[in-house]
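Everything on this sheet refers to the single structure shown next.
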Amino acid sequence: MTAAVLAGLGTHLPPRRVLNEELAERFNTSDEWIRSRTGIRQRRWADLGVSTGDLAVEAGHRALKSAGPDVTVDTLVLATTTPDHPCPATAPDVAARLGLGEIAAYDLSAVCSGFVYALACAAGSIEAGRSRGALVVASETYSTILNPEDRTTSVIFGDGAGAVVLRRGTPEEVGALAGFDLGSDGSHKDLIHIPAGGSRQRASHAPPTPEDAYFTMRGREVFQHAVHRMASSSTGLLEQVGWTADSVDRLVGHQANLRILHALADELGLDTERVVTNIERVGNTSAASIPLALADAVARNAVAPGDRVLLTAFGGGLTWGSVVLTWPDLTPA
Ligand code: UT7
């Protein structure tokens, strides 16, 4: 049998650090509020003119370097909420800039669950024999869609990109993606959305107000869904693959909020030492948050080869998804 095996990991953060103190001056908030409600101390924001594609190229380049020259990549899936343009997709441009040739390249839109969804798509192509290897990139520039009048969202989100390389292998190999759970509930689509910019609200008919062009989130309701959906997706997947919750060495959840991650661990019966977090330093980077957290954890030796790792994400849509693997011996670049 064929499986998709994790072969490389790379990340990129824009250099500009935005500390809570800086936002406290601009918004009617404080470092204390942001830290106690979210766990965030700082995030990175891209400078004007730097796009999602630019961050994706950097992360993609590093993931390819981490995988080494022996892995063939013939597919690129780019998960993002903030593409460079409404049309065309950002992925073909990223593939061209990475020198990957005329490979299959497409964007995937699943908001904060985008990385897990993109992994599932790429793994499916490898398992079906349509792809020999894939670059999965999650890249976001939320700073470009945040409403400067909305202190709740503006203090949470950060920019960044993470990427992994998947290669064709077998299910017995360390690093094989051992199972997925994906789901959605569109009846709650308004909890996280950007009202304008698509076909629903036509710019040609009624130009959007500035507020309609910005990202909105009903935070408190989203919080409840996030904990519940990531917990039930994780539990369902663990059952599917025959792992007990106790056998999970590291839980790498979407870095939405430190309180959400702790509540999730509690639901799963995992002590917080097994919870991987880097939200303190990068904020909520949406689709990019899981690969960024993973690379950070590997660098701190908080994830080691042989560890059983559960990745779980939740986002707008609503969407959610989980994946499990045994961590391979790789060096992120
Ligand atoms: O990544 C996709 C998924 N996203 C998430 O999972 C995010 C989920 N939600 C959250 O993380 C939290 O709901 C937030 C961090 C967004 C908000 O925290 P909260 O504890 O749920 O606060 P809240 O929205 O219930 O607001 C509590 C109070 C309100 O004031 P009143 O009505 O109690 O007087 C807000 O106006 O906090 C106020 N508030 C702020 N105060 C200072 C909201 N934002 C701020 C702020 N600074 N930045």
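Source: prediction; values computed, not measured. All ligand and atom numbering here is 1-based and tracks the order in the structure.
A salt bridge links Glu173 with Arg167: at least one charged nitrogen is closer than 4.0 Å to a carboxylate oxygen. In this structure, Asp249 does not pair ionically with Arg308, as no charged nitrogen and carboxylate oxygen lie closer than 4.0 Å. A salt bridge is defined here as a Lys NZ or Arg NE, NH1 or NH2 lying under 4.0 Å from an Asp or Glu carboxylate O, and Asp31 with Arg41 fails to meet this definition. Between Asp47 and Arg16 a salt bridge is recorded (basic side-chain N to carboxylate O distance below 4.0 Å).
Compare Ile156, Ile192, Val227 by their heavy atoms: the one nearest to atom 14 (C) of ligand 1 is in Ile156. Taking all heavy atoms of Trp33, Phe157, Phe314 into account, the minimum distance to atom 17 (C) of ligand 1 is reached by Trp33. With distances taken over non-hydrogen atoms, the option nearest atom 13 (O) of ligand 1 out of Ser286, Ala24, Gly219 is Gly219. Selection from Cys112, Ser30, Gly315 by nearest heavy atom to atom 2 (C) of ligand 1 gives Cys112.
Among Arg43, Gln42, Arg35, Glu32, the one residue that satisfies the side-chain hydrogen bond (donor to acceptor under 3.5 Å, both in side chains) test with Asn20 is Arg43. Between Thr52 and the options Thr144, Thr141, Thr90, a side-chain hydrogen bond (donor to acceptor under 3.5 Å, both in side chains) holds for only Thr141. Of the residues listed (His254, Glu140, Gln255), the one engaging Ser286 in a side-chain hydrogen bond (donor to acceptor under 3.5 Å, both in side chains) is Glu140, and it is the only one.
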Decide side chain to side chain contact (heavy atoms under 4.5 Å, CB included) for Leu166 and Val136; before the verdict, give the C-alpha distance in whole Å, the side-chain angles of both, and the deciding distance to 0.1 Å. CA-CA 8 Å; Leu166 300 179; Val136 175; 4.2 Å; yes
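The shortest separation from a heavy atom of Arg259 to ligand 1 is under 4.0 Å, placing the residue in contact.
Phe27 and Tyr214 are members of different hydrophobic clusters when ILVMFWY side chains are connected at heavy-atom separations under 4.5 Å. In the hydrophobic clustering of this structure, Leu270 groups with Trp243; members are Ile, Leu, Val, Met, Phe, Trp, Tyr whose side-chain heavy atoms approach within less than 4.5 Å, directly or through other members. Tracing side-chain contacts under 4.5 Å through hydrophobic residues (I, L, V, M, F, W, Y), one reaches Leu258 starting from Ile156; they form part of the same cluster.
The distance from atom CG of Leu78 to atom CG of Asp107, rounded to the nearest 0.5 Å, is 4.5 Å.
Within the 4.0 angstrom cut-off, atom 25 (O) of ligand 1 has one or more protein heavy-atom neighbours. For atom 48 (N) of ligand 1, a protein non-hydrogen atom is found at a distance below 4.0 Å. By the definition of a contact as any protein heavy atom under 4.0 Å away, atom 9 (N) of ligand 1 is in contact.
Remark: minimum distance from atom 43 (C) of ligand 1 to any protein heavy atom is reached at Thr152 OG1, 3.3 Å. Nearest protein neighbour of atom 6 (O) of ligand 1, counting heavy atoms only, is Ile260 CD1, 3.2 Å. Nearest non-hydrogen protein atom to atom 30 (O) of ligand 1 is Arg151 NH2, 4.8 Å. Protein heavy atom closest to atom 33 (O) of ligand 1, with residue, atom name and distance, is Arg220 NH2, 4.7 Å.
Interface of Asn257 with ligand 1, defined as ligand atoms under 4.0 Å from a residue heavy atom, comprises 10 (C), 11 (O), 12 (C), 15 (C). Under a 4.0 Å criterion applied to the non-hydrogen atoms of Val222, ligand 1 contributes the atoms 3 (C), 4 (N), 5 (C), 6 (O), 8 (C). Listed by number with element, the atoms of ligand 1 under 4.0 Å from a non-hydrogen atom of Thr38 are 15 (C). Against a heavy-atom cut-off of under 4.0 Å, Arg37 is close to the following atoms of ligand 1: 19 (P), 20 (O), 22 (O), 27 (C). Those atoms of ligand 1 that come under 4.0 Å of a heavy atom in Asn284, given as number and element, are 1 (O). Each of the following atoms of ligand 1 lies closer than 4.0 Å to a heavy atom of His254: 1 (O), 2 (C).
Contact annotation for Thr29 and ligand 1: heavy atoms of both the backbone and the side chain come within less than 4.0 Å of the ligand. Under 4.0 Å from ligand 1, not a single heavy atom of Ile34 appears. With a 4.0 Å heavy-atom cut-off, ligand 1 is reached by no atom of Thr153.
By the 30° and 60° cut-offs, the orientation of the rings of Tyr142 relative to Phe215 is perpendicular.
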